[in-house]
Amino acid sequence: MNSPASGSTESRSFDLLDERIRRWIWREGWTELRDAQERAVPALIDADRDVIIAAATAAGKTEAAFLPILSNLLRDGRCVGSVLYVSPLKALINDQWSRLEQLCESLDIPVTGWHGDVSAGRKQRFLKHSTGVLLITPESLEALFVNRGASLATIFSTLRYVVVDELHAFIGAERGMQLQSLMARVDHVCGRAVPRVGLSATLGDMQLAARFLRARAKQPVEIIESGSAGQELKVLIKGFVETGARLDFDLAPGERPALEDDVPGSTLEVASQIYRALRGSNNLIFPNSRRLVENYASLLRRACERDGYPNEFWPHHGSLSKELREETERALKAGDRPASAVCTTTLELGIDIGAVKSVAQIGPPPSVASLRQRLGRSGRRKGEAAILRCYCVEAELRDDSDLSDRLREGLVQSVAMVRLLLKRWFEPPRAGGLHPSTLVQQILSIIAERGGATAIDLWQTLVVDGPFDTIDKPTFAAILRSLGSRDLIVQEQGGLLLHGVAGERLVNHYAFYASFSSDDEFSVIAGNRHLGSLPVSHPLTPGQSIIFAGQRWRVEDVDAEKKSVFVHPDRGGAPPVFDGAGARVHDEVRREMHRVLAETEPVAFLDARAQMLLDEARRYFASSNLATQSIFVAGSSVMLATWSGDWLNDALVVLLRAQGLDAWNQGPAVSVRASGTGTVRDVLQRIATMTASETTAALQTIQNVDNEKWDWTLPDDVKRTAYASLRLDLAGAVAEARRLSMGMSA
DNA sequence: GACCTGCTGCGGACTG
C-alpha cells in the first residue's frame, strides 16, 4: 500500500494491521505509511522480539510503534493485553496520552497516564482492570514496585510490550540504570522476557542502544533506522568584543540606568542585535544559564515596552513555576502573534511547541548533541531551512591576557562544534558509568517489593539478570555490609535482608523513587503568586534585588525554615546567582578546535568581526608554534597543550597533583605551577609508566567524591571508582603523559 | 564557569 485510498496491495504492512486500525488510518486521510511505520509493523506485530525505531522527530515514531502493538492487542477480538510505555517527561506523557486516546477511543482500548500529577482515582481504575496502554515515568514505575509488590504479578500478567520513548535520554544516566533495572524486574515478575521497544531520534551508535535496551540478549535486537531527508541549514556566527563600554539600550526619558550597572556592554549589544533580528517571528534563544536567561528576557521585554509592542520574549527554565512555563509554551503555540522563548535545555526536547523560525545560541553550545537537538526545533515546515545564529563575546586583549582569551576559546569552540554538526558527528553517551548509587536504591526497592530478600536473590536480579554486571561479588558484599553499618538494612537469622530503621524511613518517603538527587531550592513568592524556585547557595537578604521570571523584584522577607523568599516588583535588580560546574567538552571537539586554529582559510559562516577574531587567534597559534609545541612556559606556569576533552584533562590534573604538583584544567591545556619545564617533564615520565593500580591510588587525593544520590552510603573505594568511571579518563591521561614526555605534537 | 528530569499513601474534613 502506498495509498490505502486506492486500495493498492503494495503494502503488506497495511494488510497486517487490524481492520479497525486500517479504518482509523482511512478516516485520518493518510495516503501512505511512512518508511519507519512500514518497517515497524512486521517487526512488532507478533510481539516476539526487541526492536529499536530510530527516525527523525516528525517521522511518526509513536504511530510506527503503536499501530502494530495495538493490532496485536486487538487479536482476541477485544483488548485483554497491556503495554507499558515509559517516558522521561510528564509533559510528554500528557502529549502522547491525547494522541493515543484519540486513536484508542474508537478501538475500545483504555489509555492510562500515570505520573505524579495524575489523580489517585485514575490510578485505581487501572489497578482494577490492568489492560490497555499504561503511560508512566520511571519514578512512578519505581513507586509501583515499592508499594504494590504483592499485586505486581497480577498487574503485569497480560503485559505484551515495554516501550521506552526518548531512549537516548536514558543511556549513560542514573535514570537509565534505574530503568534497565526496572525492566529486568518486570521480566522477573512476569517470569518471561517481555519484548522491549526503544524509540529515539538521536541515537548515534545503534549497537550501544541495543545493548542498553537488552544486555545479554538471546536473539539480536531488530534495528529500524529511517534516515531523514537532509534539511538545509543556514548558519551565522557573530563576533563581539567586550570593551566595558555601555550602550544606551532602552532608557526611558529621565530614567536612571539600573541594569547597566550589572550588565556588560556586550550583553546589551547582543540583546539589541537579537531584538532586531528576531522580533516579529517565533524563535528559541539559548543563553547557557538560567541567570543569563533572566538577563536577556528582561532586556528584550523592556525593548518591546520601549517601542510600544506587546511583549514577544518569554523566559523558560527549570526554576520557574509550572504556571509561568505554561504561559511561555502557550505564547509559542498560539501562533496568533509572534513569540520567542529565552530558555535553557527545558525546551530542547519533548513537548510540541509549534513551528520555530530560527535558533539563537549565545556563547558556545554545551555540546554538539545538544546543538543538534536545539536545531531540530527550527525549520520543521517543508521547504524551510533551519536557521542558527551564534553570538560569541570575546575579551579585549591586554598584556596579561591568558591562553584562553588569546586563542578566542569560546569562538573557536563554537566554530568547531558547528563544523562537527555539519559533518553529522555528535558526542556518544558515556555509557561506562558504574552508578553504584542506583544499585543501592534498587537493593532497598527490591527488599520493599518482596518483603525481604536474600543476598543471593539480590545478586541474581540486579547483577546476573540486571544492569549492574560490572560489580563483582566482593564489591557487592562490601556494599551490603556498608548498608548494614548505616542501619539501612538488617539481616535476619535465616539470612533474609530487611530494611533497618533508617532504611525504612528513607524508603517510605516519596523522595525515594527518583534515582537522581536535586539541590535545595527556595520558593519565590510575590503576593499570593508562586513564581518558581531558586537554588540558593548564598542566602538572600531582605532589601536585596533580584531578576526572576524576566522581571525585577526586591526581597521583602526570607523564611529559611519554609524555604521561601517573599518579593515585590522593583525597578533595580541583580540577577540571581546560580552555582554549578561548567559543561564538559569532548575529546573530538578539542581536536577540531586545534584543526580550526591550524588552518588558514576563512570560515564561510563567520561575520567580519568573528573572522577578525579568528584571524587574531590563528596568528597567536602560529607565532607560538602551538601546532607543534605541546609544553611551554607562560608566566609562572608550564602549559601542557593536550587539545583533549575534560575527562582526560581532569584525570591528568589528578595524576599531577598526586605527584605533588599544583595543576588545573584550563580547557585546551593543563596548567602546572612551576618555574621551568624540567620537573614537569620528569613527573610526566613517571606518570607515563603508571600501572592501573597506581592511578587508582591517585584517586585518594580527590577531596569530594560524593556525586550521586546514594553515594554517602557506599564504601570509600567503591565511591572513588564510581567517580572515576563517570568523570575521569585515567588511561587516556597516562597515554597523554607518555606523548607529552616524548615531545610529540598533538 | 551548565542544564534537566521526578515523587505515595493515608487520614481527616467536606460535599452531594
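Treat the numbers as computed from the prediction; the structure is a model and nothing was measured.
Contacts with DNA chain B (heavy atom under 4.0 Å) in residues 137-144 of chain A: A:Thr137, A:Glu139, A:Ser140, A:Ala143, listed by number.
The closest side-chain donor-acceptor pair between A:Ser358 and A:Asn283 falls under 3.5 angstrom.
Qualifying salt bridge (Lys or Arg N to Asp or Glu O under 4.0 Å) partners for A:Lys90, counting only residues two or more places apart in sequence or in other chains: A:Asp117. Looking at residues two or more places apart in sequence or on another chain, you find a side-chain contact (heavy atoms from CB on, under 4.5 Å) between A:Asn707 and A:Asp711, A:Tyr723, A:Leu726, A:Arg727. Scanning for side-chain contact (heavy atoms from CB on, under 4.5 Å) contacts around A:Lys333 gives an empty result, with sequence neighbours left out. Remark: A:Arg185 engages A:Glu142, A:Glu449 in a salt bridge (Lys or Arg N to Asp or Glu O under 4.0 Å) (not counting sequence neighbours). A:Asn288 meets the side-chain hydrogen bond (donor to acceptor under 3.5 Å, both in side chains) test with A:Gln361; sequence neighbours excluded. Under the side-chain contact (heavy atoms from CB on, under 4.5 Å) criterion, A:Glu323 pairs with A:Ser321, not counting sequence neighbours. Taking the side-chain contact (heavy atoms from CB on, under 4.5 Å) definition, one finds that A:Ser370 meets it with A:Glu348, A:Pro366, A:Ser367, A:Arg374, sequence neighbours left out.
Of the candidates B:dA2, B:dT8, B:dG6, the closest approach to any side-chain atom of A:Tyr513 belongs to B:dT8.
Checked against the 6.0 Å centroid threshold, A:His586 and A:Trp425 count as a close aromatic pair.
Among the heavy atoms of the strands lying under 4.0 Å from A:Arg325 are primed sugar atoms or P, OP1, OP2 only; no base atom is included. Residue A:His115 is classed as a sugar-phosphate contact, given heavy-atom separations below 4.0 Å to backbone atoms only.
For the pair A:Pro366 and A:Ala91, both in contact range of DNA chain B, the more 5′-proximal nearest nucleotide belongs to A:Pro366.
One atom, CH2 of A:Trp710, and another, P of B:dG6, lie 20 Å apart when rounded to the nearest Å. B:dC3 atom P lies 9 Å from atom CG of A:Leu292, rounded to whole Å. If you measure from atom CG of A:Leu371 to atom P of B:dC3, you get 18 Å, rounded to the nearest angstrom. To the nearest angstrom, C1' of B:dC4 lies 11 Å from CZ of A:Arg374. Atoms CG (A:Asp95) and P (B:dT5) sit 15 Å apart, rounded to a whole Å. Atom NZ in A:Lys322 sits about 11 Å away from atom P in B:dC7, given to the nearest Å. Atom CG of A:Leu89 is separated from atom P of B:dG6 by 5 Å (rounded to the nearest Å). One interatomic measurement links the two molecules: CH2 of A:Trp114 to P of B:dC7, which rounds to 11 Å at whole-angstrom precision.
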Q) Reading nucleotides 10-16 of chain B from the 5' end, what letters show protein touch, with B for base, S for backbone sugar-phosphate only, - for no heavy atom under 4.0 Å? A) -------

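For A:Asp662 and A:Arg673, the salt-bridge test passes: some basic side-chain N is under 4.0 Å from an acidic carboxylate O.
Residue A:Ser289 has no polar side-chain atom (N or O) positioned under 4.0 Å from OP1 or OP2 of B:dA2. The side chain of A:Lys123 places no N or O atom within less than 4.0 Å of a non-bridging phosphate oxygen (OP1 or OP2) of B:dG9. OP1 or OP2 of B:dC3 sits under 4.0 Å from a side-chain N or O of A:Arg290. Contact between the side-chain N/O atoms of A:Arg584 and the OP1/OP2 oxygens of B:dC3 is not found at any separation under 4.0 Å.
An aromatic stack links A:Phe516 and the base of B:dT5, using centre distance under 5.5 Å and interplanar angle under 30°.
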